[in-house]
4 protein chains.
Amino acid sequence: MSPVPRRRKDARPAELLEAALEVFAEKGFAAARMEDIAARAGAAKGTIYLYFPSKEAVFEALVRSAIVPNLERAEALAAAHQGPVAPLLRELMGLLETMIRDSRLVVLPRLMIGELYKFPELARFYRATVIDRGLGLIAAMHRKGVEQGEFRPEDSDAVARLVIAPVLLMAIWRTVFAPYGDEPFDPAPVLRAHVEILLRGLAP
Amino acid sequence: MSPVPRRRKDARPAELLEAALEVFAEKGFAAARMEDIAARAGAAKGTIYLYFPSKEAVFEALVRSAIVPNLERAEALAAAHQGPVAPLLRELMGLLETMIRDSRLVVLPRLMIGELYKFPELARFYRATVIDRGLGLIAAMHRKGVEQGEFRPEDSDAVARLVIAPVLLMAIWRTVFAPYGDEPFDPAPVLRAHVEILLRGLAP
Amino acid sequence: MSPVPRRRKDARPAELLEAALEVFAEKGFAAARMEDIAARAGAAKGTIYLYFPSKEAVFEALVRSAIVPNLERAEALAAAHQGPVAPLLRELMGLLETMIRDSRLVVLPRLMIGELYKFPELARFYRATVIDRGLGLIAAMHRKGVEQGEFRPEDSDAVARLVIAPVLLMAIWRTVFAPYGDEPFDPAPVLRAHVEILLRGLAP
Amino acid sequence: MSPVPRRRKDARPAELLEAALEVFAEKGFAAARMEDIAARAGAAKGTIYLYFPSKEAVFEALVRSAIVPNLERAEALAAAHQGPVAPLLRELMGLLETMIRDSRLVVLPRLMIGELYKFPELARFYRATVIDRGLGLIAAMHRKGVEQGEFRPEDSDAVARLVIAPVLLMAIWRTVFAPYGDEPFDPAPVLRAHVEILLRGLAP
DNA sequence: TATGAATGAGAATTCATTCAT
DNA sequence: AATGAATGAATTCTCATTCAT
């Protein structure tokens, strides 16, 4: 019926979520119109509702789908790692730096900080699935470093948060101020100083 | 002009902004209803419009009014300081920790990260007036520490951001996850570890 | 108390009506704000309500006050007249032409055509006091002309309306299209042609 | 596109404009509520906005749609005419008289006199498309009459306005005073006297 | 008399969601 | 599965009117 047949039925939800990411990034959750999302995915307004029961559900699905895969990559990285922790930490920060610069997902921190508290269930899920797991991963790295005599003892949960904080700040910076910044802010020097200071600060 | 000043008149804007802070904190900017804000200030819907021309203007006024005074306190603190920088940094972090725990302004970081990009002018103002000034303050402290031989040389602008990042993260944490956290998260240990690691990491 | 004392208390209502005429002329009845009217009269919003109980009442008072005096001038003119009717008609048209060009009251026809039907009582008053009286005046002139053999017999009420119609159209034209007309429309030639054609058309 | 065309879709704008004409006629532009218009067209409030972006746009569409067709009828009439102009003028006046008595469009003159000056663009369009064309049509008739020796020379543009003025006045009369008139005013005698006087007045 | 802060009814407009096709 | 016309709840903002001073 349609002149341009859908490539695969299965792709629709993903297409819609991709469109949703873009529209949420531009307008924020509240101001994003379902019709905009649909249109950007090349679909009609009603079509979204075949896959997601509400706008909230789209947001939830977006958050769920966008983050877990990346987390799993990080976990795989850590699992495969042998030897001193510092290089692994550097590698991880490099990955995150790249994401901040290149991935469309940079907007997610801003989006989630702005909206997540309105989605209690999603917040719980996200905290358990992403944050606790992600922080746990880094805390484990720190603990391993302490065991290996690479780091002095310190509250590993706190350290995990401190490792992540500048990464988040850089992501936020890019999406909150980038549109108005005269020079596009470069997060790289900050993150490099971060690793330097952090590793010195954690050293015995 | 009138010999008996109308009691409310002068206080009204501040009352309204306080109410706005609360309502924005609870619902976010988009979901906050002007009527709610007015009601919480003990006023009628229309009254808000005597003082602010739009909801956006309320948000702007809130941001402008809430932050500059605090920044000035920090500047005064720094100006009055003599001797090594580390204690000043500790004192500053202590102040910020207190604010995160006790002040109703904790919600501002979340609110602003979520909304500021929709207010280009306010974003510019905020960046110039608060961020650049605030980061400048810290960068100056770092530079002074370097001059005094207290710190090793490092990109002071980057350091300033690294000093602030965990503070913001803690503020965000409290307002994004606090409502659902089983145990109310305590930012103190993180910020203490932060200062420890930071000072060690900055040391020559 | 007031540094600039009111010249005469009695002048206030008239000042307010004059201001109302201007504001109604610019914005129309519905879009005219009581505050604008007050401000233009150099008074505060509440002051209007000391003299007029409502916006409708202002409109009514304006209409009542603006027209009757002019009508009385016309009646006096007619009463004083002797001899053939044609010169009187020419004089009357000259007066009306002047009003259309110079008086701020030109806007009244437009205003009243647009609003009067919403003021049943005022409409009745206006019809009885102004229209019937004004048309009666002209009809009487026509009748006198017929009696004097100056005009052929014709329905005098109809003639009265025909005499007035182009005057109204010119007033309307100036206030509806004038703001957008490239050349400010000059009603004079039309009204002169009107008298010419009319007098020939009425001749025996 | 759909094989079974949605019954409403195509008809909706016309239905809405018809409803708008009625509601504007009853309440005037400012007091007409979009909901009333929608309801009278058997639609919900929101439906109007699928077809017209604003209340202003409804008014504009109404004016544009209502008048041009009638003007074209008049032009066709004139184009088809041969011989002396007077009978054509009588026929035209007869048509207008009928419209004033029977058509729901009688309210348009009142509506437009009352509102058009607030719609600069529409005013320009209307002046160019309807007035200049309509007056041009009549002026051309007059000019032809002069050429044919039927009329004495006279400013044809002025004549055109004089021809139309009583028609407008009658339309206005019916919609401004009709609701309160004891006897429903009959425009016929006035328009008949108008043609009589006019043709005599124009004769050589 | 005069003021202008306060009120709250009212209306335009938006948009998530539904559902007939 | 897909569409998009239709709905109507919800929200911002306006402004006539009131009334304490």
Side-chain angles (χ1 to χ4, degrees), chain A residues 1-2 5-6 9 12 30-39 42-58, chain B residues 1-10 12 30-39 42-56 58, chain C residues 1-2 5-6 9 12 30-39 42-58, chain D residues 1-10 12 30-39 42-56 58:
Chain A
M1 187 78 60
S2 174
R6 294 281 142 246
K9 290 196 312 185
R12 262 289 158 93
R33 291 159 68 247
M34 290 295 263
E35 190 157 12
D36 292 340
I37 296 174
K45 209 177 354 173
T47 303
I48 289 190
Y49 289 89
L50 297 175
Y51 299 98
F52 305 99
S54 71
K55 192 176 169 185
E56 275 75 17
V58 173
Chain B
M1 188 79 60
S2 179
V4 177
R6 281 171 219 294
R7 245 163 312 149
R8 305 323 285 295
K9 170 117 197 261
D10 300 338
R12 266 289 159 91
R33 291 160 65 247
M34 290 295 264
E35 192 158 11
D36 293 339
I37 295 174
K45 205 177 5 162
T47 302
I48 271 196
Y49 290 92
L50 297 177
Y51 300 97
F52 305 99
S54 69
K55 193 175 165 183
E56 275 74 19
V58 172
Chain C
M1 186 77 61
S2 175
R6 292 285 142 246
K9 290 195 313 185
R12 261 291 157 91
R33 292 157 68 249
M34 290 295 264
E35 190 157 12
D36 292 340
I37 295 174
K45 209 177 352 172
T47 303
I48 289 190
Y49 289 88
L50 298 176
Y51 300 97
F52 305 100
S54 70
K55 191 176 171 185
E56 275 74 18
V58 173
Chain D
M1 186 79 60
S2 177
V4 178
R6 283 174 219 291
R7 247 163 310 150
R8 302 328 282 295
K9 171 119 197 262
D10 300 338
R12 267 288 159 90
R33 290 160 65 245
M34 289 296 262
E35 191 158 12
D36 293 339
I37 296 174
K45 209 177 358 166
T47 302
I48 275 193
Y49 290 91
L50 297 177
Y51 300 97
F52 305 99
S54 69
K55 192 174 165 184
E56 275 74 19
V58 173

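Below, read A as the first sequence line, B as the second, and so on, with proteins coming before strands; counting in each chain starts at 1.
Listed by chain and residue number, D/Lys27 satisfy the side-chain contact (heavy atoms from CB on, under 4.5 Å) test with D/Ala31 (two or more places apart in sequence, or in another chain). Every residue two or more places apart in sequence or in another chain that forms a salt bridge (Lys or Arg N to Asp or Glu O under 4.0 Å) with B/Glu35 is listed here: B/Arg33. For the side-chain contact (heavy atoms from CB on, under 4.5 Å) test, residues two or more places apart in sequence or in another chain that qualify with A/Ala57 are A/Phe52, A/Pro53, A/Ser54. With sequence neighbours left out, B/Tyr49 forms a side-chain contact (heavy atoms from CB on, under 4.5 Å) with B/Met34.
Atom P of nucleotide E/dT13 and atom CD1 of D/Ile48 are separated by 10 Å, given to the nearest angstrom. Rounding to whole angstrom units, CD1 of residue A/Ile37 and P of E/dT17 are separated by 11 Å. Counting to the nearest Å, the P atom of E/dT18 and the CG atom of A/Leu50 are 12 Å from each other. In this entry the distance linking CZ of C/Phe52 with P of E/dT1 reads 13 Å, nearest Å.
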Between protein and nucleotides 8-13 of chain F, map the contacts as a letter string: B base, S sugar-phosphate only, - none, heavy atoms under 4.0 Å, written 5' to 3'.
-> BBBSSB

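Comparing the P positions of F/dT21 and E/dT1 gives a spacing of 22 Å, expressed to the nearest Å.
Side-chain atoms of A/Lys45 never come within 3.5 Å of backbone atoms of A/Ile37 as a donor-acceptor pair (strictly under, hydrogens ignored).
When all heavy atoms are compared, the tightest approach of A/Ala30 to B/Ala30 is CB-CB, 3.3 Å.
Counting heavy atoms from C-beta outward, C/Thr47 and C/Arg12 have side chains that approach closer than 4.5 Å.
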Output field dot_bracket for DNA chain F (Watson-Crick or G-U, both distances under 3.5 Å, | for other-strand pairs) contains .||||||||||||||||||||

